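Order of the sequence lines sets the chain letters (A, B, ...), proteins ahead of strands, with each chain counted from 1. All figures in this text were calculated on a predicted structure; none of them were measured in a lab.
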Amino acid sequence: MKFEKIQAPKGVREYLPPESRSFEWVREQLIAPAKDAGYQLIELPVFEDTNLFTRGVGESTDVVSKEMYTFEDRGGRSITLRPEGTAGVMRAVIEANLDRGQLPVKVWYSGQFFRAERPQAGRYRQFYQVGIEAIGIDDPALDAEVIAIADRGFKNLGLRNYRLEITSLGDSQSRAAHRADLMKFIATLDLDEATALRAEINPLRLFDDKRPQMQEAMKSAPRLLDYLSTDSAANFESVQKYLTVMGIAFTINPRMVRGLDYYTGTTFEFIHPDLGAQSGIGGGGRYDGLMQTLGGQALSGIGFGLGVDRALLAAIAESSVPLDAFTSDLFIIPLGERAKQEALVIASNLRSNGIRTEIAFGDRALKGSMKAADKSGSAYVIVIGDSELDLGVIELKRMSDGVTSSVKIEQLQQRLGEVLSL
RNA sequence: GUGGGCGUAGCUCAGCUGGUAGAGCACUCGGUUGUGGUCCGAGAUGUCGCGGGUUCGAGCCCCGUCGUUCACCCCA
């Protein structure tokens, strides 16, 4: 009787051993700079009240209008798997009154996010992000620090081939003035139906159109950067100055378009050119109105989200993933029932002393177990059989060159500590 | 949601103008008693994604379907 196999849901990316090791490494590298800068972990649910995203991220965005995993729970509530991280953090901060204490609130998170898109290279329906949010202080130095933390993460991965693009979306007055002129300009263009619809939803989108003729047409379009208020312009200048003194390279991209509605002021993206069509490895920006929109105080915040899956692809593309294969310190091969018991006891003791120990299971031939030991990458191997148990002495074999030495079983831990220089 | 490519052993793939499946790697066992990596020998594994159709005959042709992949849209 054979059952049908069940497959993973469409569009999910899984990390199985041994590649999972690389994924784990990438995530650690991206998180480390945030921890070093005093950000603390915030662990949130992967599902939220649907209203959090429709209101926070914006009803008109593609993310909300056509990419959310939304369902009704058993109590008839509309629930959505989180498509991004910032809205949830703001909800939690407001709910727990974290913004009533020392500001800025500085938190980092790591986890999976969900968007019901058609999968392609670097784009999955479940994807992993590492992010930070700094809430409650509006200071261009903080903007620069947030960008620097993201940049440090990518540098930790050994990436060299990415670029940082920044712009400012200004305050609401700046944007309103620009939008009016941009609409007038767009009205002069001859657009196909789909494009006209996109322009209606968000005129800035046309700056992002990949068709050469559209890029050409948009060259003379009014640019938001030229509409910044005096304050916004000065703020943006400061951010650039701070980035420069930190030695962080960036380019200004006045045509940058972000997919989430809440961004204001400083906005940035990290782009890697070797990933195919989905080249963004991270992005973020300041959001002035989000907290208030979600029922909290009128406090500004800034944060980013970095794509762990894409960062791994980038690290692979640049061959910067370290090749430290998974290894153990000791591999124990027991021969016989008595030896099995002893192996379990020895392994347990060694592990509690920080010595990574594996055991050969199953009653196969010694040669097969030695092969398994070899594959495990263990530095040392011992074989325990009746004679070892009777004598209380085992041969400790160094796998790199096959050299063995006799050790009393009770002195095994001490000897391993010496040879492994722990 | 739209379009293109692909779908043969665990993995990577081969299979000529249609004649009832192969390689390499991996895996298991062995090369006389309890010691890996190299070498040698042996072995197991496929409803050729699935369902129809054309044909004396289909892995190969046609249609559908599912999956996958790349791109558009959008984004991490």
Is it true that A/Gln278 and A/Tyr124 share a donor-acceptor pair across their side chains at a distance under 3.5 Å? no
So, A/Glu395 versus A/Ser406: side-chain donor-acceptor pair below 3.5 Å or not? yes
Aromatic centroids of A/Tyr128 and A/Phe23 separated by under 6.0 Å: yes
Just call it for A/Ser65: base, sugar-phosphate, or nothing, with non-hydrogen atoms closer than 4.0 Å on any strand. nothing
At 4.0 Å (heavy atoms only), tell me whether A/Ser387 reaches a base, stays on the sugar-phosphate, or touches nothing. base
Taking only the side-chain nitrogens and oxygens of A/Gln129, find out if one of them lies under 4.0 Å from OP1 or OP2 of B/A76. no
If you go through the side-chain atoms of A/Lys367, does one of them form a donor-acceptor pair with the base of B/G31 closer than 3.5 Å? yes
Looking at B/G36, does its base get a donor-acceptor pair with the side chain of A/Asp374 below 3.5 Å? yes
Are A/Ser60 and A/Asp261 close enough that a side-chain donor and a side-chain acceptor fall under 3.5 Å? yes
Using a heavy-atom cut-off of under 4.0 Å over every strand shown, decide if A/Gln7 touches base, sugar-phosphate, or nothing. sugar-phosphate
B/A76 base / A/Gln112 side chain donor-acceptor hit below 3.5 Å: no
5'-most by nearest nucleotide on RNA chain B - A/Met370 or A/Gly283: A/Met370
When the nearest nucleotide of RNA chain B is assigned to A/Arg118 and to A/Asp401 on a heavy-atom basis, which residue is associated with the more 5' position? A/Arg118
If you go through the side-chain atoms of A/Glu67, does one of them form a donor-acceptor pair with the base of B/C73 closer than 3.5 Å? no
Go through the N and O atoms of the side chain of A/Arg123 and the base of B/C73, and report whether any donor-acceptor pair is under 3.5 Å. yes
Need one value for A/Gly276: base, sugar-phosphate or nothing, where a base atom within 4.0 Å counts as base even if backbone is also close, heavy atoms only. sugar-phosphate
Distance-only donor-acceptor test, A/Lys397 side-chain atoms vs B/G36 base atoms, 3.5 Å: yes
Quick one: A/Met214 CE to B/C74 C1', roughly how many Å, whole number? 16 Å
At under 4.0 Å between heavy atoms, what does A/Ala121 touch on the DNA or RNA strands: base, sugar-phosphate, or nothing? sugar-phosphate
For the side chain of A/Ser369 and the base of B/G36, is some donor closer than 3.5 Å to an acceptor across the two? no
